[in-house]
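This report refers to the structure that appears directly beneath it.
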Amino acid sequence: MPQPALEPFRQLLPLPADQPAYLALAKAVRQFAMDGTLAVGSRLPAERTLAAALGVSRTTVTAAYARLVDAGWATARQGSGTVVRLPQRDRVLARPAGPREVIDLRPAAGVAVPAVSSLVEQALEWLPKVLASPGYENAGALHLRERIAGWFEARGVPTVPGQIVVTPGALAGLAVVLRTVAGTDAAVLVDDPTYPDALAAAEGAGVRVASVPLGDGGWDTAGWAIALRRERPAAAYLLPDFHNPTGQLMPDEARRELVALLRRSRCTAIVDETVAGLDLDGGDPVTPWAALDDTAITLGSLSKVLWGGIRIGWVRCPEALVEQVRSHQLQLNLGPSALDQLVATSYLDDPGPVRDQLLARMREAREAWLDDLDWNLPDWRVERPRGGLALWVRLPAPRSAELAAAAERHGVLLSPGTKFSVSGGQADRLRLPLTVAPGSITEAVNRLADAWQDLDRP
């Protein structure tokens, strides 16, 4: 049997230093298989031989070959060594018949981290004192409004508890605010793409939605200026902090430019900070919008940090609008749960344990997604987000809706890019949540690869 050639592998030296050597080697072999440098069915060099040629340990080569086998790019045969292959996308057909667990990738919120349990325990200890009251507080309990005001103060935004109205989630707050600052048939300007439930809230409030495209390069302030003149909107709904779904973070310069444009147009900024605290890499902080614009209305929520079942959000607004916001809230709901408010207060007293656990889990999920997508679907493109809830994936073709239908047959539920678009665009985009359990990501990507392959089958 002829010995495998070592020449292609010597071209790899030196191995990249920005990742583990075994991973760099495995990725190189995969690339060789994709571009034909290594023929399918050819044998890879013996582990000891390749380790000596590259000046690495045999353990490194063993780990690289194992990675290739696990990902379907090689097979290990007794007596024949490790042989190059291409991943087969018929794995689902080879599995035993029967129901499989459905992997739901549509929600952006995940299960609660363990530290949330202690917050609930603390809230239950406080509950007897609250039971002595009627339990209805339209603007929210003072103890929580004080903590929320303190959170703004700590970020450089002077705030008093009287500026805060606590709501049953940020979406409920948006519904209230839209009725306060934008009457029926008024225009509201949004990014495209944007948070789809915000579009539903706008429809419920009877406002007209207009949009400005948000591309990979960030916010187009010139495009916003044109849209403001054309649409004359009453309000603008913005997600400048780890935008949902793109994950982009608006830089300070763009914030100042947009603040000036909105102020000149007498357009009220409704700024959604629901995921402002989900900074996975801890980079340089940006200036909160309300620190630049004292007329802005800020929305916040704890449902993405604590748990989706804890329905606590808030509205921070100029004091002149507080009574109108309270009045509109009363028309829509009687305010948030007293027990949920106690849990939220407990969290804001010491957010570190919950936040640290959540961010660690989301970092793990981010790395798992990026690694498995790179291995199994290398023609899908995705930027590494600094923070936020999701990856915003670019597909090789505008087929996200078709993919969602195919993926459902493989037991995966998806949010296609078109769901986030005002204009019906974003068909080449797909949102994948960072809040999914990291242990299910490899299986999810395998199923997505099968579904993507299905689109090309007759």
Side-chain angles (χ1 to χ4, degrees), residues 109-155 157-177 180 272-278 288 290 297-319 321-359:
V111 300
V113 298
V116 172
S117 295
S118 63
L119 303 181
V120 176
E121 292 171 3
Q122 177 64 68
L124 290 173
E125 290 181 15
W126 289 339
L127 185 59
K129 295 181 180 179
V130 177
L131 291 175
S133 71
Y136 292 110
E137 295 179 271
N138 175 241
L142 179 60
H143 60 80
L144 180 54
R145 289 187 287 118
E146 288 175 339
R147 266 65 166 199
I148 296 170
W151 180 75
F152 277 104
E153 289 275 356
R155 299 167 63 224
V157 183
T159 304
V160 297
Q163 290 178 261
I164 305 298
V165 176
V166 183
T167 62
L171 195 60
L174 177 59
V176 168
V177 168
T180 302
D272 191 336
E273 290 188 337
T274 298
V275 296
L278 299 182
I297 297 174
T298 303
L299 306 175
S301 170
L302 295 182
S303 63
K304 299 298 188 293
V305 177
L306 294 182
W307 180 49
I310 297 175
R311 306 305 306 154
I312 291 295
W314 56 81
V315 175
R316 179 202 178 275
C317 60
E319 292 185 80
L321 289 178
V322 170
E323 288 306 317
Q324 293 181 59
V325 171
R326 288 186 179 186
S327 176
H328 282 102
Q329 164 137 294
L330 192 57
Q331 295 172 22
L332 296 176
N333 60 75
L334 294 177
S337 154
L339 181 57
D340 285 3
Q341 291 186 81
L342 291 173
V343 175
T345 293
S346 181
Y347 168 74
L348 290 172
D349 279 344
D350 184 15
V354 170
R355 185 181 59 217
D356 291 347
Q357 288 182 8
L358 176 65
L359 293 181

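The shown structure was predicted, so the numbers you read here are calculated from the model rather than taken from an experiment. We count residues from 1, following the sequence as given.
Panel note: side chain T159, backbone V157; a donor-acceptor pair is recorded below 3.5 Å. No donor-acceptor pair closer than 3.5 Å links the side chain of E319 to the backbone N or O of G162. In this structure, R311 contributes its side chain and D340 its backbone to no donor-acceptor pair below 3.5 Å. Looking at Q357, its side chain does come within 3.5 Å of a backbone N or O of A115 through a donor-acceptor pair. At distances below 3.5 Å, at least one donor-acceptor pair connects side-chain atoms of Q341 with backbone N or O atoms of A141.
Note: L348 CG to I312 CD1 = 10.0 Å, rounded to the nearest 0.5 Å. Separating the CG atom in L358 from the NZ atom in K304 is a distance of 11.5 Å, to the nearest 0.5 Å.
Contact of the L119 side chain with the L306 side chain is registered, since non-hydrogen atoms from C-beta on lie closer than 4.5 Å. Looking only at side-chain heavy atoms (C-beta outward), T345 and E146 stay at 4.5 Å or farther from each other. The side-chain heavy atoms of T167 and Q329, taken from C-beta on, include a pair separated by under 4.5 Å. Proximity of W314 to L144: side-chain heavy atoms (C-beta onward) are nowhere separated by under 4.5 Å. Side-chain contact between Y347 and I310 is absent, with no heavy atoms from C-beta onward closer than 4.5 Å. Here the side chains of E121 and L124 are not in contact, with every heavy-atom distance at 4.5 Å or above. In this structure, the side chains of D272 and L174 stay at 4.5 Å or more apart for every pair of heavy atoms. Inter-residue side-chain proximity for E273 and F152 is flagged as met; some heavy-atom pair is nearer than 4.5 Å.
Considering all non-hydrogen atoms of both residues, R326 and A139 come closest at NE-CB, 3.2 Å. L339 and A123 make their closest contact through CD1-CB, 4.1 Å (heavy atoms, listed as atom of the first residue, atom of the second, distance). The two atoms that bring A170 and S301 nearest to each other are CB-CB, 3.7 Å, heavy atoms only. Residue V176 comes nearest to T180 through the heavy atom pair O-OG1, 2.9 Å, listed as atom of the first residue, atom of the second, then distance.
Geometric assessment of R155 against the ring of W151 yields a positive cation-pi assignment under the 6.0 Å and 45° thresholds.
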Go through the steps to decide whether L299 and V315 satisfy the test side chain to side chain contact (heavy atoms under 4.5 Å, CB included), and finish with yes or no.
CA-CA 5 Å; L299 306 175; V315 175; 3.8 Å; yes
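In summary, of the residues considered (I164, V325, V165, I297), a side-chain contact (heavy atoms from CB on, under 4.5 Å) with R316 occurs for I164 alone.
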